[in-house]
Amino acid sequence: MKILVVEQDETKSNRLCVICEELKGSCDQAFDLDRGLELATANKYDMILVGHYGAKSATKNMVTNLRLECGVPLIVLSEDNDVASKIELLNSGADSFLTSDFTDEELLAVIKSVLRRYYKDFGVNLYEFKSLQVNFFERSVKINGEDVQIVAKMYDLFEYLIRNKEIILSKNTLFNRVWGFESETTFSVVEVYISKLRKLLEKGELAGQLLTIKNAGYCWTEKDTSANI
């Protein structure tokens, strides 16, 4: 789970990130709208939270631009409790709206509600396929019932592939999702981690499920790949 928080107040932004930690994911922060839009369009996020930015038009434009640039779940958190403003922001593309007096539990519940509408497997904590078992909540991997040692970035890569099974994901998409476009490393790190991941999967004779699609990217599949080996 990767979330972007766009909030000019650092204290409020940090609070939002702490709340989002309940989802066992990572949180990026932007303290102005332009930066938020830049990060949102360059990276792959599961959710974006947009705080209050004074003028109604500024927040509305941000929401409109985000909806045009990316189809990501979007929640607005505002100090403005005016019904007309809520309607305007929802019509501009926000999926939900909360006023600034929300409790941590309320925000977390709204986030989960919106995510369930977008992602059919959200809330599913255990993935099992043949000899493989991945616990999304514990961020752990087992093969043939034995724990597999896997570094954080490799786990993030693997989970994203699994959650998007049967979909071809480009190297650029995987890099931006796992490492972020501002990372000092290069795109070649994706190939390196895919190779290492395949070696781990060989323990359960699962390496063939992680496909390389020439000139397109990579794909985790549950289909029989024996004919291609």
Side-chain angles (χ1 to χ4, degrees), residues 1-119 122-123 125 136-137 139 152-153 156 159-160 163 176-184:
M1 186 61 56
K2 192 171 183 180
I3 296 174
L4 172 63
V5 173
V6 186
E7 168 59 62
Q8 61 184 348
D9 186 294
E10 186 173 353
T11 300
K12 292 180 180 178
S13 179
N14 290 338
R15 177 198 174 194
L16 293 173
C17 287
V18 170
I19 296 172
C20 291
E21 286 178 2
E22 292 290 328
L23 298 169
K24 300 296 180 180
S26 60
C27 185
D28 289 345
Q29 295 170 281
F31 299 105
D32 64 74
L33 297 175
D34 289 339
R35 177 62 174 159
L37 187 59
E38 179 185 10
L39 286 173
T41 54
N43 295 285
K44 299 294 181 181
Y45 293 103
D46 297 296
M47 165 73 68
I48 299 176
L49 305 179
V50 180
H52 180 68
Y53 277 87
K56 297 178 183 178
S57 58
T59 305
K60 178 187 174 183
N61 289 338
M62 176 65 173
V63 170
T64 300
N65 288 331
L66 283 172
R67 186 51 67 215
L68 288 173
E69 295 292 337
C70 51
V72 177
L74 179 61
I75 297 175
V76 174
L77 310 169
S78 177
E79 296 174 3
D80 192 344
N81 197 29
D82 180 61
V83 174
S85 297
K86 290 182 181 180
I87 293 174
E88 190 173 22
L89 286 166
L90 290 170
N91 287 337
S92 296
D95 292 289
S96 190
F97 181 104
L98 282 175
T99 52
S100 56
D101 58 350
F102 63 84
T103 64
D104 294 4
E105 294 78 10
E106 182 182 12
L107 175 58
L108 194 57
V110 171
I111 289 175
K112 290 178 178 179
S113 175
V114 173
L115 288 172
R116 282 195 297 269
R117 296 202 299 267
Y118 271 78
Y119 309 114
F122 177 76
N125 290 325
F136 297 139
F137 186 77
R139 293 173 59 84
K153 291 297 185 185
D156 291 340
E159 179 178 333
Y160 192 61
R163 287 192 181 275
N176 289 341
R177 167 70 191 203
V178 178
W179 286 271
F181 82 108
E182 292 184 325
S183 173
E184 294 181 358

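Residue Asp32 comes nearest to Val6 through the heavy atom pair O-CG1, 3.9 Å, listed as atom of the first residue, atom of the second, then distance. A pairwise comparison of heavy atoms in Ser92 and Lys60 identifies OG-CG, 3.4 Å as the closest pair. When all heavy atoms of Pro73 and Val114 are compared, the pair lying nearest together is CB-CG1, 3.6 Å. Phe31 and Glu10 get closest at one heavy-atom pair: CE2-CA, 3.8 Å. Ala58 approaches Leu33 most closely through the heavy-atom pair O-CD1, 3.6 Å.
The pair Arg177-Asp156 does not count as a salt bridge, with every side-chain nitrogen at least 4.0 angstrom from each carboxylate oxygen.
Rounded to the nearest 0.5 angstrom, Asp95 CG and Leu89 CG are separated by 12.0 Å. Residue Asp46 holds its CG atom at 11.5 Å from CG of Leu4, rounded to the nearest 0.5 Å.
The one candidate from Ile111, Leu108, Leu107 that meets the side-chain contact (heavy atoms from CB on, under 4.5 Å) condition with Glu22 is Leu108.
Remark: side-chain polar atoms of Asn176 are not paired, donor with acceptor, to backbone N or O of Lys44 under 3.5 angstrom. Distance alone, capped at 3.5 Å, places no donor-acceptor pair between the Tyr45 side chain and the Asp28 backbone. Looking only at distances, a side-chain donor or acceptor of Lys153 sits under 3.5 Å from a matching main-chain atom of Val178.
Gln29 and Ser13 form a side-chain donor-acceptor contact under 3.5 Å, judged by distance and modelled atom types alone.
Heavy atoms from other residues, nucleotides or ligands lying under 6.0 Å from NZ of Lys2 number more than 12.
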